[in-house]
Number of protein chains: 2
Amino acid sequence: MQLASTAGSPEGRPSGRPVSRQVLADHVYEELLASLMDGRLEPGAAVSIDGTARELDVSPTPVREALARLEHTGMVRRVALKGYRVAPVFTREDFAELMEARLAIEPVNARLACARLTPSRLAELTQAVTDLKDAPRGPTFAEFRDYLEADERFHRLIAEQTGNQFMVAAYAALGGQIQRFRLFGGVGITDADHAIAEHQAVLDALSSGDSEKAAAAMAEHVRMVRGRAIADAPAD
Amino acid sequence: MQLASTAGSPEGRPSGRPVSRQVLADHVYEELLASLMDGRLEPGAAVSIDGTARELDVSPTPVREALARLEHTGMVRRVALKGYRVAPVFTREDFAELMEARLAIEPVNARLACARLTPSRLAELTQAVTDLKDAPRGPTFAEFRDYLEADERFHRLIAEQTGNQFMVAAYAALGGQIQRFRLFGGVGITDADHAIAEHQAVLDALSSGDSEKAAAAMAEHVRMVRGRAIADAPAD
DNA sequence: CCGCCGCAGGTCCTATAGGATCTGAACATG
DNA sequence: CATGTTCAGATCCTATAGGACCTGCGGCGG
């Protein structure tokens, strides 16, 4: 088994990955996803297949495949013969619907995760909350990027800890939207102190082993997020 | 604005769709999805890109795009540089997880749908239950195909009736798996009489306007499905 | 008889070419 | 001035070509 060297690239990989070779479409997918998550692509902006291919210096074929995958996540939308566009900005109704969905799913995740929590996973969750507390919260995006990442990681870890592939899939279908909303929903991280306290409460409930308490703490957290966003968000 | 005539097709569309032209990749996607839903592609079977392209008489490019979309539904799985395979058979654990996820999502859907049920939607739901009762239940697949379709339609209509795009997405992520399990999970439609009664109960609760009752009826239905499947399914 | 090697076919992956369509702007006309 | 037309560029969509990799099979040496 030798390293992949699909194209010329005569200099070889820096310290080549031994296995799990990567396909160009995967690279394009991750690149586009990062652009969407980081807000480099604004809602409504067109995502040209040919243009992206030129920008990433690949052919349109892998870009087309990456975008086809992205479409199913709701981050981009496609119109036949017209191309892809970044999904439009969230309205208040969208936000209310998203929170309703989170309320249906995340407390269940917390309850299931609590029942089979392992020490190593608990450590990861604790680390996420610690990162949340330590993350800078400056005004520019670069400065609260780590905060958002830790927040998303906390919720995703709980979903994964359920051990239920379908609950993970259901959360993943929402997770990207949650992240996107944080960027463009009009509410910054003015609620950091409250949010950190709520995350800590969820973590405490989980480590106590009381499933119902964990579910309740998560439900309370989501409700509080909803309440603060409604209070802060500008009228649309 | 004129009709699409992408390829030769000199005879034109039978009664051409005025708008919403179709792209080859869409056609391939629907064709593959139908094959998966109908069980023509068995779990674990390889889905060759080139082979599918030859079979449908198109180039590999649209097939690749269609498969990229299908991957995100969980119906097929992809291994880099090795191709796509139909997702493997459900185990008992998979089934238990799927039912857990349904229990988290579908009662919420019933409650939300109940709160904003329109007469026309109620008529559609009633029709679905009627179709369920009238559908043949013979031993061969062709004979209970309509039964499965009506069953899936009933649940999907409720999800759509919530008016919540995220709950629809969450259900859709499960819907395909539910359908697939019905085909290969080892349990046929021996439970039709019970299932029909439960669907009727959900419908009655919905039309009564009692949201909590609707949610309870749906939860009961899912629990009963789980119970019957566990009783019927062979040990794996 | 058993293991190794080369080869052919199939498959995946990417790039490229070319036809069809959309978009926007310049231009002509009432 | 308003409106319709034309045209060029960009874009989408599909087909095709070719390189890299895997797999199975027949032949050869031990």
Side-chain angles (χ1 to χ4, degrees), chain A residues 1-13 16-32 41 44-71 76-86, chain B residues 1-13 16-32 41 44-71 76-86:
Chain A
M1 184 81 68
Q2 47 187 350
L3 297 178
S5 64
T6 307
S9 76
E11 70 280 9
R13 294 292 177 278
R17 300 198 191 88
V19 287
S20 81
R21 285 159 307 173
Q22 188 115 343
V23 171
L24 268 190
D26 294 342
H27 179 68
V28 174
Y29 180 87
E30 288 171 14
E31 202 71 27
L32 284 173
L41 290 172
V47 183
S48 155
I49 295 175
D50 292 355
T52 304
R54 281 191 297 271
E55 192 172 344
L56 298 180
D57 197 37
V58 297
S59 82
T61 309
V63 176
R64 180 173 293 276
E65 186 171 332
L67 282 170
R69 285 187 229 166
L70 272 176
E71 185 195 1
V76 300
R77 293 188 178 162
R78 167 177 159 288
V79 178
L81 300 178
K82 286 197 58 178
Y84 292 87
R85 306 192 80 87
V86 182
Chain B
M1 186 79 70
Q2 46 188 350
L3 296 178
S5 64
T6 307
S9 76
E11 70 281 7
R13 293 291 176 281
R17 300 200 190 88
V19 287
S20 83
R21 281 157 308 175
Q22 190 117 342
V23 170
L24 267 190
D26 294 342
H27 180 68
V28 175
Y29 180 87
E30 289 171 12
E31 203 70 27
L32 284 172
L41 289 173
V47 182
S48 156
I49 294 176
D50 292 354
T52 304
R54 282 192 298 270
E55 192 171 344
L56 299 180
D57 197 37
V58 296
S59 82
T61 309
V63 176
R64 178 173 294 277
E65 187 172 331
L67 281 170
R69 285 187 228 165
L70 271 177
E71 185 195 359
V76 299
R77 292 188 181 162
R78 167 178 162 279
V79 178
L81 300 177
K82 287 200 58 178
Y84 293 87
R85 306 192 81 84
V86 182

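Lettering of chains follows the sequences in order, A, B, ..., and the numbering in each one begins at 1. What you see is a predicted model; the values in this text were computed from it and never measured.
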Under 4.0 Å from OP1 or OP2 of [N]: is there any side-chain N or O of [X] that close?
X: Ser59(A); N: dT14(C); answer: no
X: Lys82(A); N: dT23(C); answer: yes
X: Arg64(B); N: dC12(C); answer: no
X: Ser48(B); N: dC12(C); answer: yes

Terminal axes of the helix from dC1(C)-dG30(D) to dG30(C)-dC1(D) (5 end pairs apiece), angle rounded to 10 degrees, sit apart by 0°
Rounded interatomic separation in angstrom, taking [atom1] from [X] and [atom2] from [N]:
X: His27(B); N: dT14(D); atom1: NE2; atom2: C1'; answer: 14 Å
X: Asp26(A); N: dC13(C); atom1: CG; atom2: P; answer: 9 Å
X: Glu65(A); N: dC13(C); atom1: CD; atom2: P; answer: 7 Å
X: Ile49(B); N: dA17(D); atom1: CD1; atom2: P; answer: 18 Å
X: Leu24(A); N: dG19(D); atom1: CG; atom2: P; answer: 17 Å
X: Arg78(A); N: dT21(C); atom1: CZ; atom2: P; answer: 16 Å
X: Arg85(A); N: dT11(D); atom1: CZ; atom2: P; answer: 12 Å

Arg69(A) meets the side chain to side chain donor-acceptor pair (under 3.5 Å) criterion, sequence neighbours left out, with Asp26(A), Glu65(A)
For Ala25(B) and Ala66(B), the nearest pair of non-hydrogen atoms, with its separation, is O-CB, 3.8 Å
Here the pair of heavy atoms bringing Tyr84(A) nearest to Arg64(A) is OH-O, 4.5 Å
Per the under-4.0 Å heavy-atom filter, residues of residues 50-58 of chain B near DNA chain C come out as Asp50(B), Arg54(B)
Please list, one pair per line, the donor and acceptor atoms closer than 3.5 Å that link side chains of residues 47-62 of chain B to other protein atoms, with sequence neighbours excluded.
{"unit_1": "Ser48(B)", "atom_1": "OG", "unit_2": "Asp50(B)", "atom_2": "N", "d": "3.4"}
{"unit_1": "Ser48(B)", "atom_1": "OG", "unit_2": "Gly51(B)", "atom_2": "N", "d": "2.8"}
{"unit_1": "Thr52(B)", "atom_1": "OG1", "unit_2": "Ser48(B)", "atom_2": "O", "d": "2.6"}
{"unit_1": "Ser59(B)", "atom_1": "OG", "unit_2": "Thr61(B)", "atom_2": "N", "d": "3.4"}

The salt bridge (Lys or Arg N to Asp or Glu O under 4.0 Å) partners of Arg85(A) (sequence neighbours excluded) come to none
Per side-chain contact (heavy atoms from CB on, under 4.5 Å), Val86(A) is matched among Leu41(A), Leu32(A), Leu70(A) by Leu41(A)
